[in-house]
Number of protein chains: 2
Amino acid sequence: MSAERLSPTSYVVLGMIGLRGPSTSYDLKRAINRSIGYFWVFPHAGLYSEPQRLESMGLLSASSEEDGRRRRTYSLTEEGLRELRAWLAAPTNEHFQLRDVAELKLFFNELGEPDDVHRLAREQIAQHQQRIQVYEEMQQRFGGVAGVAPRMVTLRLGLEMEHAALRFWSSLDEDLNRGDEAPAAEPPPS
Amino acid sequence: MSAERLSPTSYVVLGMIGLRGPSTSYDLKRAINRSIGYFWVFPHAGLYSEPQRLESMGLLSASSEEDGRRRRTYSLTEEGLRELRAWLAAPTNEHFQLRDVAELKLFFNELGEPDDVHRLAREQIAQHQQRIQVYEEMQQRFGGVAGVAPRMVTLRLGLEMEHAALRFWSSLDEDLNRGDEAPAAEPPPS
DNA sequence: GTCCAACGATCTGAAACGGACCATACGGGT
DNA sequence: ACCCGTATGGTCCGTTTCAGATCGTTGGAC
């Protein structure tokens, strides 16, 4: 019936409205930027156009609200909620995507100065450490132990990922310190 | 002088040609799909158009090669190499992006059946385990210990990330098993 | 008042994207 | 010889994404 191809953006919009109740585009933009937007950037323009599309599909309903202002508040329709829940219940098989420029640089490191990798590693270590600290503060502020509640759980995954990255870059840094002037090339053909 | 905004795609192209030597678009496509493309998808169409752009900027040079076939082989120019090395030497401050649909579903989990999260977690565990296995086999096949060599190092980061994800979903699964019918809502106000 | 900053929203042009499509080759099978 | 299937190699095209500029609105501070 519906199903004109819903994108991740669609579900973020539906989901956010589901969590927060009726919202304007701006509300969505802010709510997203302060949570999942930290890992997966949804450009703001999309958060204005997408709700309109969803409305035209009958998954959202809009009310022009109060004193004739142009801001519109969107709510989930029954069908919207059904769609959302169906998505939540459906299996997920796609591989995640990483998109990390640092990783790219690392991949091509042998084309630059030997020093570049080293600097890169240290940069990354510092940055990940800093973010871990920020997250941990957030976690505290939001109230103690991690549950399955939104925000909390995403924070937890975020932390896990940051720690992984940190571990990786740290061990790379150590390797570099040890071998320092070492080959940095292919392992010897056995 | 040059600098008409180079994207990650640009650098992947430059870098790959740097690593492999003169290449056709198809070569690039394959080389990328079997390495970094595993985490960061570069659509093939871009790998045909981007080298042309780079050529027109003077960062690549093209030779129409042999018997009048239509395939073109691109090589780095001096300026291309300089650009690439400058990029490798420059600091990197952008936050990586994650783009994981499973994470999205998790974030919105409370809108679905309590069972959904659980199923999701188990799915993810299975999938990550499987990928870890694949990577480890690759690592062996490519020759032993991880170095700073391309492929190797990317694999290593990939593994680290997969392990992190696995740890996360596993611990979530345990929590769910323990609390099973538990609230799945906010942590209790202390 | 009027100036500035933050808020809220829209528009636009350029990339990114993915999938359909075209072509050419190669290897069997019958 | 012919047909079929599959891998190689490349192009095109119609949507989405995306980022940034722009525009209006609001609400203090002075």
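Proteins come first, then strands; the chains are lettered A, B, ... in the order of their sequence lines, and each starts at number 1. Hydrogens, waters and symmetry mates play no part in the numbers below; they use all other heavy atoms, side chains included.
- The distance between atom CZ of B:R72 and atom P of D:dT8, rounded to the nearest whole Å, is 22 Å.
- Phosphate proximity of C:dA16 to B:S7: present, with a side-chain N or O under 4.0 Å from OP1 or OP2.
- With sequence neighbours excluded, the residues satisfying salt bridge (Lys or Arg N to Asp or Glu O under 4.0 Å) with B:D116 are B:R119.
- Contacts of B:E123 classified as salt bridge (Lys or Arg N to Asp or Glu O under 4.0 Å), with partners at least two apart in sequence or in another chain: none.
- Between the CG atom of A:N33 and the P atom of C:dA6 there is a distance of 17 Å, rounded to whole Å.
- The side chain of A:R30 sits closest to C:dG8 out of D:dT8, D:dT16, C:dG8.
- Comparing atom distances between the A:Y26 side chain and each of C:dC7, D:dG9, C:dA15 picks out C:dC7 as nearest.
- Comparing A:T9 and B:T24 against DNA chain D, the residue whose closest nucleotide sits nearer the 5' end is B:T24.
- Residues from residues 42-51 of chain A that place a heavy atom under 4.0 Å from any atom of DNA chain D, listed by number: A:P43, A:H44, A:A45.
- Scanning for side chain to side chain donor-acceptor pair (under 3.5 Å) contacts around B:T77 gives an empty result, with sequence neighbours left out.
- To the nearest angstrom, C1' of C:dA15 lies 16 Å from OH of B:Y11.
- Applying the side chain to side chain contact (heavy atoms under 4.5 Å, CB included) test to B:Y38 and every residue at least two apart in sequence or in another chain returns A:H95, B:Y135.
- A salt bridge links B:R53 to B:E50: at least one charged side-chain nitrogen sits closer than 4.0 Å to a carboxylate oxygen.
- The distance from atom CD1 of B:I32 to atom P of C:dA16 is 13 Å, rounded to the nearest whole Å.
- Residue A:L28 contributes atom CG, which lies 13 Å from atom P of C:dT10 at whole-angstrom precision.
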Pairs of donor and acceptor atoms involving the side chains of residues 157-167 of chain B, under 3.5 Å and at least two apart or interchain, shall be tabulated with distances.
{"unit_1": "B:E160", "atom_1": "OE2", "unit_2": "A:R167", "atom_2": "NE", "d": "3.2"}
{"unit_1": "B:E162", "atom_1": "OE1", "unit_2": "B:H128", "atom_2": "ND1", "d": "2.5"}
{"unit_1": "B:R167", "atom_1": "NE", "unit_2": "A:E160", "atom_2": "OE2", "d": "3.3"}

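- Listed nucleotides C:dG18, C:dC17, D:dT16 differ in distance to B:V41; the shortest reach to its side chain belongs to C:dG18.
- In this structure, the side chain of B:E113 does not engage the main chain of A:A89 through any donor-acceptor pair within 3.5 Å.
- Here the C1' atom of nucleotide D:dT17 and the NZ atom of A:K29 are 17 Å apart, to the nearest Å.
- One can place CZ of B:R99 at 10 Å from P of D:dT17, the figure rounded to the nearest angstrom.
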